Participant: 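Once you've had a glance at the structure underneath, I'll fire off some questions.
Chain A is the first sequence line, chain B the second, and so forth, proteins listed ahead of strands; every chain is numbered from 1. Nothing here was measured: the structure is a model prediction, and the numbers come from that model.
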Amino acid sequence: MLDKGFAYEVEEGGNKSVYFSVEKFSKYGKLSKKDINELLAGARVDIDERKNSPLDFALWKASKEGEPWWNSPWGKGRPGWHIECSAMALRLLGESIDIHGGGADLIFPHHENEIAQSEAFTNKPFARYWVHNGFITIDKEKMSKSLGNFFTIREVLERYDAEVLRLFMLSSHYRSPIEFSEDQLKEAEASLERYYSTVARMDEFIALNATKELASQKDFDLIKWFNSFVDRFKERFEEAMDDDFNTALALGNTFELIREINRFLDSKPEGQRAATALMKAKEAIGLVKEVFNIFTKTPYQWNVELLKIKKISLTPEDIESKISERNLARKNKDWTLADRIRKELLERGILLEDKREGTTWKVKV
RNA sequence: GGCGGCGUACCCAAGUGGCUAAGGGAGAGGUCUGCAAAACCUCGAUUCAGCGGUUCGAAUCCGCUCGCCGCCUCCA
């Protein structure tokens, strides 16, 4: 860039710094839609007499006393922040990359400067697509290290399953800011609960019907309609994702599918044809699993995981034995005892559900 | 102050010129159930921050106003 005239050297305490000359790069500001003249007029840009222009940025920075340094043709120093990214991209990904991501707060100056130095050097487009995400905010302020209003993913994962956190973030568009809140996490957890309850119902149905005779005529139209809904779901999910990663819409579609599955089950179809239709629906949901990395567990694994996260000191075996005890009471129509056992479990966070096929448990979210 | 973006129901959120404004949570009523839970059904924005304009037609386009956020400085 020195050879090409885009950069210049400046003597700084025995060593040299190299600055990029912004005015030499005519497209400067194209990403952040900023105008050089307006930037120059801005009072907040400090004047540094060593730079030709206050907007110029360091490609190589001479090290001051006590700062880390490497040897270079300009003496002791270190790379400028922006050049690191351009250098890595050029070395590992090539002159033009397909997608460059980052937080929206990096658009200016960081990404703008990456473009300037990379394109000045290669004379080729640096990135074909820029994908800038919104911030996670706390009390409407961006969460950041420098503001100190942050907590780590590890801390959140002590209280919530990773899928909860993923679902929470996927529930709004990546460019939108997302307000971090306990309520939102609980909502995401409840949504996953809804999913896993539905899968449990499906699995039960499939186990009971996979080898049964073909569906009766009454179920035939229903199954046909259900199959076509599942097919449409796959198309709609992909369309949403193809449209600038519209994850919130894709999730909306997913929960419509879940409602349709429940409706299908509520209509009490019978036979292997219905079981096959549900297996196809599970397969369709596999798309969500692959793309979003949620829905990766079995309902049982999900509940066992919740026992751990919610710090419930009961094993599945403990719960099963309570259920047996209660079922005996129910058989004897001892509703008082049955209700007491159910209540005791609920107080410890375990919810029982009585169904025709038996009683199941899950962790209350 | 400049630039960029946002404002949709009680909460979250999709929708950016034309089918009844997706979906989830919360709430109310109902079906099922020993009672529950879950699931399902019904109800819920005559309206998209406000005002004005363009259009046969606007949450969507334009203008102004209000509110919020980010960047415009070091560091990353």
Participant: So, is A:R263 near the phosphate of B:C41, with a side-chain N or O under 4.0 Å from OP1 or OP2?
Facilitator: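 A:R263 to B:C41 OP1/OP2: side-chain N or O found under 4.0 Å.
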Participant: Which class fits the ring pair A:Y28 and A:F57: parallel under 30°, tilted 30 to 60°, perpendicular over 60°?
Facilitator: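 Plane angle under 30°, so parallel.
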Participant: Atom CG of A:L265 to atom P of B:C40: distance rounded to whole Å?
Facilitator: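 One finds 10 Å between P of B:C40 and CG of A:L265, rounded.
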Participant: Taking the minimum atom-to-atom distance to the side chain of A:S176, which one of B:G34, B:A14, B:C11 wins?
Facilitator: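 Looking only at side-chain atoms, A:S176 lies closest to B:A14.
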Participant: In terms of relative ring orientation, are A:F180 and A:F168 parallel, tilted or perpendicular, with 30° and 60° separating the classes?
Facilitator: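 Rings of A:F180 and A:F168: perpendicular, over 60°.
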Participant: Centroid separation under 6.0 Å, is that true for the rings of A:F121 and A:F20?
Facilitator: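 No, ring centres 6.0 Å or more apart.
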Participant: Please check the phosphate of B:C40 (OP1 and OP2 only) for any side-chain N or O of A:N262 closer than 4.0 Å.
Facilitator: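 Yes, such a contact exists.
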Participant: Among the candidates B:G24, B:G34, B:C72, find the nucleotide nearest to the side-chain atoms of A:S191.
Facilitator: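 Selected nucleotide (nearest to the side chain): B:G24.
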Participant: Fit a plane to each ring of A:W81 and A:H110, take the angle between them on a 0 to 90° scale, and name the class: parallel (under 30°), tilted (30 to 60°) or perpendicular (over 60°).
Facilitator: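 Parallel, since the angle between the ring planes stays under 30°.
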Participant: Can you tell me if the side-chain N/O atoms of A:N246 get under 4.0 Å from OP1 or OP2 in B:G15?
Facilitator: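 Looking at the OP1 and OP2 atoms of B:G15, one of them is under 4.0 Å from a side-chain N or O of A:N246.
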Participant: For A:K224, look at atom NZ and say whether over 12 heavy atoms of other residues, nucleotides or ligands are found less than 6.0 Å away.
Facilitator: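 Incorrect, the count does not exceed 12.
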Participant: Verify the contact: side-chain N or O of A:R194 to OP1 or OP2 of B:C40, cut-off strictly under 4.0 Å; return yes or no.
Facilitator: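 A:R194 to B:C40 OP1/OP2: side-chain N or O found under 4.0 Å.
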Participant: Which nucleotide, B:A76, B:A38, B:C35, lies nearest any side-chain atom of A:R78?
Facilitator: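 That would be B:A76.
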Participant: Want to know the stems of RNA chain B: at least 3 consecutive Watson-Crick or G-U pairs with distances under 3.5 Å, which are they?
Facilitator: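 B:1-7 with B:66-72, B:10-12 with B:23-25, B:27-31 with B:39-43, B:49-53 with B:61-65 - these are the stems of 3 or more pairs that involve RNA chain B.
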Participant: By a 5.5 angstrom centroid cut-off and a 30 degree plane limit, is there stacking between A:W335 and B:G34?
Facilitator: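 Yes, A:W335 stacks on the base of B:G34.
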Participant: Nearest to the side chain of A:A338 - B:C72, B:G34, B:G70?
Facilitator: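 Looking only at side-chain atoms, A:A338 lies closest to B:G34.
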Participant: Could you state the CG-C1' distance from A:L257 to B:G23, rounded to the nearest angstrom?
Facilitator: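 After rounding, the reported distance stands at 12 Å.
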Participant: A:W130 CH2 to B:G5 P: how many Å, rounded?
Facilitator: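 In whole Å, B:G5 P and A:W130 CH2 are 17 Å from each other.
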Participant: Reckon A:R259 has a side-chain N or O less than 4.0 Å from the OP1 or OP2 of B:G23?
Facilitator: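 Result: yes.
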Participant: Heavy atoms from C-beta onward define the side chain here; which of B:G24, B:A14, B:A76 lies closest to that of A:L106?
Facilitator: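 The listed nucleotide nearest to A:L106's side chain is B:A76.
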Participant: If you check the A:E187 side chain, which of B:G15, B:C72, B:C11 turns out closest?
Facilitator: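 Minimum distance to the A:E187 side chain belongs to B:C11.
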Participant: What nucleotide among B:C71, B:G34, B:A38 has an atom nearest to a side-chain atom of A:D105?
Facilitator: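 My answer, after comparing the listed nucleotides, is B:C71.
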Participant: I need the CD1-P distance between A:I319 and B:A37, as an integer number of Å.
Facilitator: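 Result: 19 Å.
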Participant: Does the side chain of A:S228 pick up a donor-acceptor pair with the side chain of A:D231 at under 3.5 Å?
Facilitator: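 A:D231 and A:S228 do not have a side-chain donor-acceptor pair below 3.5 Å.
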Participant: Are A:R159 and A:E182 ion-paired here, with the side-chain N under 4.0 Å from a carboxylate O?
Facilitator: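 A:E182 and A:R159: salt-bridged.
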Participant: If only side-chain N and O atoms count, and only distance matters, is there a donor-acceptor pair under 3.5 Å linking A:R348 with A:S313?
Facilitator: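 Checked: A:S313/A:R348 side chains pair up, N/O donor to acceptor below 3.5 Å.
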Participant: A:L351 side chain: which of B:A38, B:G24, B:A37 is closest?
Facilitator: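 Minimum distance to the A:L351 side chain belongs to B:A37.
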